[in-house]
Amino acid sequence: QVQLVESGGGLVQAGGSLRLSCVVSGIIVSDKLMGWYRQAPGKQRELVARINHLSTTSYADSVKGRFTISRDNANNMVYLQMNNLGPEDTAVYYCNARNTYYLRPEYWGQGTQVTVSS
């Protein structure tokens with residue numbers, strides 16, 4: 001069984017920070033392309049950040065310089081550090097996993113709500 005479980009969301013004021021966690025079972029995060037996505041009400045789900053098996057990272061332009069994705073291989077977890085949050089960051093954040101060179105299979109967590117008040 002493959003499971004991804006997010007945590008760390010909540011309500012924060014503009015300018016604040018949150019750290020999201022994704023605990024993964026059934027696959028090894030260091031072998032996979034791991035990503036964080038988010039979806040705001042009425043919007044399409046968008047890729048926020050990703051890290052591959054070589055620890056190469058990439059970010060959406062809207063979060064570059066504010067968010068950092070990282071792995072903890074010993075605990076098989078992925079994190080998203082979010083700094084200087086604004087109301088535009090309000091969304092449900094999802095953890096995602098897939099093989100680097102294969103689009104499928106793909107695994108998703110159930111999401112964690114991040115709400116930023118102005």
Side-chain angles (χ1 to χ4, degrees):
Q1 294 180 342
V2 177
Q3 289 189 332
L4 285 67
V5 181
E6 304 95 335
S7 63
L11 177 63
V12 64
Q13 292 185 344
S17 297
L18 286 172
R19 191 189 197 196
L20 306 184
S21 299
C22 176
V23 60
V24 180
S25 60
I27 55 174
I28 305 300
V29 299
S30 61
D31 293 339
K32 302 295 184 181
L33 180 64
M34 304 297 303
W36 285 97
Y37 290 73
R38 67 185 181 187
Q39 188 168 26
K43 303 292 185 180
Q44 296 292 316
R45 188 173 298 187
E46 64 172 340
L47 176 64
V48 174
R50 62 187 180 191
I51 182 169
N52 71 5
H53 63 292
L54 299 176
S55 298
T56 302
T57 59
S58 61
Y59 300 91
D61 288 342
S62 59
V63 308
K64 197 171 298 180
R66 299 188 296 123
F67 290 11
T68 303
I69 188 171
S70 61
R71 284 196 313 255
D72 180 351
N73 294 341
N75 291 293
N76 209 43
M77 296 181 66
V78 182
Y79 302 96
L80 185 68
Q81 178 67 46
M82 305 185 294
N83 297 327
N84 195 24
L85 287 162
E88 68 275 12
D89 298 311
T90 295
V92 178
Y93 284 72
Y94 298 90
C95 186
N96 171 269
R98 66 170 174 88
N99 289 99
T100 300
Y101 301 109
Y102 296 91
L103 190 61
R104 300 288 186 271
E106 187 175 40
Y107 307 101
W108 294 92
Q110 292 185 338
T112 185
Q113 176 71 49
V114 172
T115 303
V116 184
S117 62
S118 60

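Keep in mind that what you see is a predicted model, and the values were worked out from it rather than measured.
Residues Gly109 and Glu6 approach most closely at CA-OE2, 3.2 Å, considering heavy atoms. Scanning all heavy atoms of the two residues, the minimum distance from Lys43 to Gln39 falls at O-NE2, 3.2 Å. The two residues Thr100 and Arg98 come nearest to each other via the heavy atoms O-NH1, 3.3 Å. Residue Pro87 comes nearest to Ala14 through the heavy atom pair CD-CB, 4.4 Å, listed as atom of the first residue, atom of the second, then distance. The nearest pair of heavy atoms linking Asn52 to Leu54 is OD1-N, 2.9 Å.
Using cut-offs of 30° and 60° on the angle between ring planes, the pair Phe67 and Tyr93 is tilted.
Judged purely by atom type and a 3.5 angstrom limit, Tyr79 has no side-chain atom pairing as donor or acceptor with the backbone of Thr68. Not a single donor-acceptor pair under 3.5 Å links the side chain of Asn99 to the backbone N or O of Tyr101. Proximity of a side-chain donor or acceptor of Asn76 to a complementary backbone N or O of Ile28 within less than 3.5 Å is not detected.
Arg38 pairs in a side-chain contact (heavy atoms from CB on, under 4.5 Å) with only one of the listed residues (Leu47, Thr112, Thr90, Val48), which is Val48. Checking Val92, Leu20, Leu80, Leu11 one by one against Val114, the side-chain contact (heavy atoms from CB on, under 4.5 Å) holds for a single residue, Leu20.
Between the side chains of Arg71 and Ser30, no donor N or O sits under 3.5 Å from an acceptor N or O.
Asn84 is linked by a side chain to side chain contact (heavy atoms under 4.5 Å, CB included) to Arg66, counting only residues two or more places apart in sequence or in another chain.
The environment of CD in Gln110 is sparse: at most 12 heavy-atom neighbours from other residues, nucleotides or ligands sit within 6.0 Å.
Inter-residue side-chain proximity for Lys32 and Val29 is flagged as unmet; no heavy-atom pair is nearer than 4.5 Å. At a threshold of 4.5 Å between non-hydrogen side-chain atoms, the residues Met82 and Trp36 do not count as touching. With a 4.5 Å cut-off on side-chain heavy atoms, Cys22 and Val24 count as touching. Considering only heavy atoms from C-beta on, Val23 comes within 4.5 Å of Met77 through its side chain. Proximity of Cys95 to Met34: side-chain heavy atoms (C-beta onward) are separated by under 4.5 Å at one or more points.
There is a path of hydrophobic side-chain contacts, each under 4.5 Å, that joins Val2 to Val78. Follow the hydrophobic side-chain contacts under 4.5 Å out from Ile69 and you reach Leu18 in the same cluster.
Taken from CD in Gln1 to CD1 in Ile27, the straight-line distance is 13.0 Å, to the nearest 0.5 Å. The OG atom of Ser25 sits 7.5 Å away from atom CG of Leu4, with the distance rounded to the nearest 0.5 Å.
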